[in-house]
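Here is how names work: the chains are called A, B, and so on, in the same order as the sequence lines, proteins then strands, and each is numbered from 1.
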There are 2 protein chains.
Amino acid sequence: MDNRPVDFKEQLKERGYKLTTQRRAVLDVIIKNEGKHLSTEEIYELVKEGYPEIGLATVYRTLLLLDNMELVYKLDLDDGLSRYELNRNKEDHRHHHLICTKCGAVSEVEEDLLESLEEQILVKNRFIVKDHRVKFYGYCEACSQVKEPDSEVIKP
Amino acid sequence: MDNRPVDFKEQLKERGYKLTTQRRAVLDVIIKNEGKHLSTEEIYELVKEGYPEIGLATVYRTLLLLDNMELVYKLDLDDGLSRYELNRNKEDHRHHHLICTKCGAVSEVEEDLLESLEEQILVKNRFIVKDHRVKFYGYCEACSQVKEPDSEVIKP
DNA sequence: ATTCATGCAAATCGTTTGCAACCCA
DNA sequence: TGGGTTGCAAACGATTTGCATGAAT
């Protein structure tokens with residue numbers, strides 16, 4: 001079902017890059033942890049479990065490469081770290097993130113629903129929208145039921 | 001028309017903070033440059049024009065304070081710098097940014113138009129949206145008319 | 001007189017880069 | 001073989017922090 005590794009090798013070849021153990025290891029970790037929004041450091045630690053010799057710089061370089069190849073998608077969840085998620089298909093980055101400012105939980109809205117807004121932007125601002133980044137801040141189901149006074153953990 | 005400086009003094013007092021020349025100078029620069037999305041360094045340089053003794057650390061600390069007081073709004077325009085814009089009123093941060101990936105120009109969409117989406121999120125995800133950050137990437141009017149092959153300057 | 005704020009320099013921290021050794025194609 | 005790749009350590013750049021001095025209430 002997952003033929004990405006094959007695509008990966010081909011895509012690297014097309015660009016004149018080599019398929020190395022390190023690159024496979026990084027991609028594999030991201031694939032195995034789909035949905036977790038891992039940070040660079042977290043990816044590094046996970047890769048080291050199966051490949052202790054890898055260097056942090058290699059992880060940074062590989063992530064940059066995967067991002068350029070659009071196999072991966074870089075996120076900013078406002079904690080000062082770069083996080084990544086698997087980009088299942090080219091149009092897949094059209095989902096949004098819900099960030100709970102109380103507990104820090106991050107979930108996703110699979111729908112896009114920005115077409116009408118983008119159409120208005122085209123007409124009113126004469127700006128052609130090609131991509132977008134949308135983050136919603138608020139309270140997740142669990143946190144919205146708590147009665148205690150607010151104590152925000154996350155600041156947008 | 002602009003009574004913010006008065007509010008500023010009061011708000012500082014309420015929180016037990018002092019009104020210093022430096023804090024006024026920083027806020028004044030932001031007010032005078034409304035719409036420019038200045039970075040911390042740029043604000044520092046502008047403040048120095050009228051107040052050469054100010055230190056960069058003070059600007060950082062003041063910006064953090066203004067952000068906490070919600071007098072200012074922090075932006076991330078993907079260039080690795082923190083940028084700020086004046087937060088005219090508490091509900092004012094409900095506008096979006098249009099970022100041209102060819103020339104880097106940043107403009108704004110004053111309308112919000114996310115209510116229906118947020119209503120759907122409430123129903124489907126049971127997540128209560130309190131705030132959001134929306135960035136659109138694409139081509140501004142000038143750049144969308146150029147015929148040359150793409151040469152993106154900005155990477156989301 | 002207190003208490004908070006400032007300026008400076010040093011410290012942090014995530015990320016990038018130079019370079020010799022290494023390894024895939 | 002040979003050029004891309006790696007690991008290491010040093011370099012970077014934005015932001016933060018410790019501390020003695022200075023200013024606001």
TODO: Please say whether more than 12 non-hydrogen atoms of neighbouring residues, nucleotides or ligands are located less than 6.0 Å from OH in B/Tyr51.
DONE: yes

Task: Distance-only donor-acceptor test (3.5 Å): side chain B/Lys18, base C/dT3 - done: yes

Open item on the list: I'd like to know if B/Arg61 reaches the base of C/dG7 with its side chain, counting only an N/O donor and acceptor under 3.5 Å.
Closed with: yes

- [ ] For A/Arg24 and C/dC24, give me the distance from atom CZ to atom P, rounded to whole Å.
- [x] 13 Å

Open item on the list: Between P on D/dA23 and CD on B/Glu53, what's the gap in Å once rounded to a whole number?
Closed with: 10 Å

Open item on the list: Does B/Tyr51 reach a base, just sugar-phosphate, or nothing at all? Heavy atoms under 4.0 Å.
Closed with: sugar-phosphate

TODO: Give the rounded distance in Å between these two atoms: OH of A/Tyr44 and C1' of C/dC13.
DONE: 15 Å

Task: Length of the CZ-P vector between B/Arg15 and D/dT25, whole Å - done: 17 Å

Task: d(CG, B/Asp78; P, C/dT15) in whole Å - done: 14 Å

- [ ] Could you tell me whether A/Glu53 and A/Lys48 make a salt bridge, using a distance below 4.0 angstrom between a side-chain N and a carboxylate O?
- [x] no

Task: Out of D/dT5, C/dT6, C/dT16, whichever nucleotide has its closest atom nearest the side chain of A/Thr20 - done: D/dT5

Task: 5' priority, DNA chain D, between A/Leu65 and B/Tyr17 [closest heavy atom] - done: A/Leu65

Open item on the list: I want to confirm an ordering. Mapping A/Ala57 and B/Leu81 to their closest nucleotides on DNA chain D, which one lands closer to the 5' end?
Closed with: A/Ala57

Open item on the list: Quick check on C/dT6: is either OP1 or OP2 less than 4.0 Å from any side-chain nitrogen or oxygen of B/Thr21?
Closed with: no

- [ ] Measure the spacing between CG of B/Asp67 and OG1 of B/Thr62 and express it to the nearest 0.5 Å.
- [x] 12.0 Å

Task: Separation of D/dT6 P from A/Leu56 CG (nearest whole Å) - done: 13 Å

TODO: Give one of base, sugar-phosphate or nothing for A/Glu41, where a contact means two heavy atoms less than 4.0 Å apart.
DONE: nothing

Open item on the list: Looking at A/Gln22, I'd like to know whether one of its side-chain N or O atoms comes within less than 4.0 Å of OP1 or OP2 on D/dG7.
Closed with: yes

Open item on the list: Between A/Arg133 and A/Asp76, does any side-chain N to carboxylate O distance fall below 4.0 Å?
Closed with: no

Open item on the list: Let me confirm one number: the CG-CD distance from A/Leu46 to A/Glu42, rounded to the nearest 0.5 Å.
Closed with: 7.5 Å

Task: Atom-pair distance (CZ on B/Arg83; P on D/dT15), nearest Å - done: 10 Å

Open item on the list: Rounded to whole Å, please give me the gap between CG in A/Asp79 and P in C/dT15.
Closed with: 10 Å

TODO: May I ask you to verify if any side-chain N or O of A/Tyr60 is less than 4.0 angstrom from the OP1 or OP2 atom of C/dT16?
DONE: no

Open item on the list: Please confirm whether the shortest side-chain N or O distance from B/Thr58 to OP1 or OP2 of C/dA5 is below 4.0 Å.
Closed with: no

TODO: Check whether any side-chain N or O of A/Thr40 sits under 4.0 Å from OP1 or OP2 of C/dG14, and answer yes or no.
DONE: no

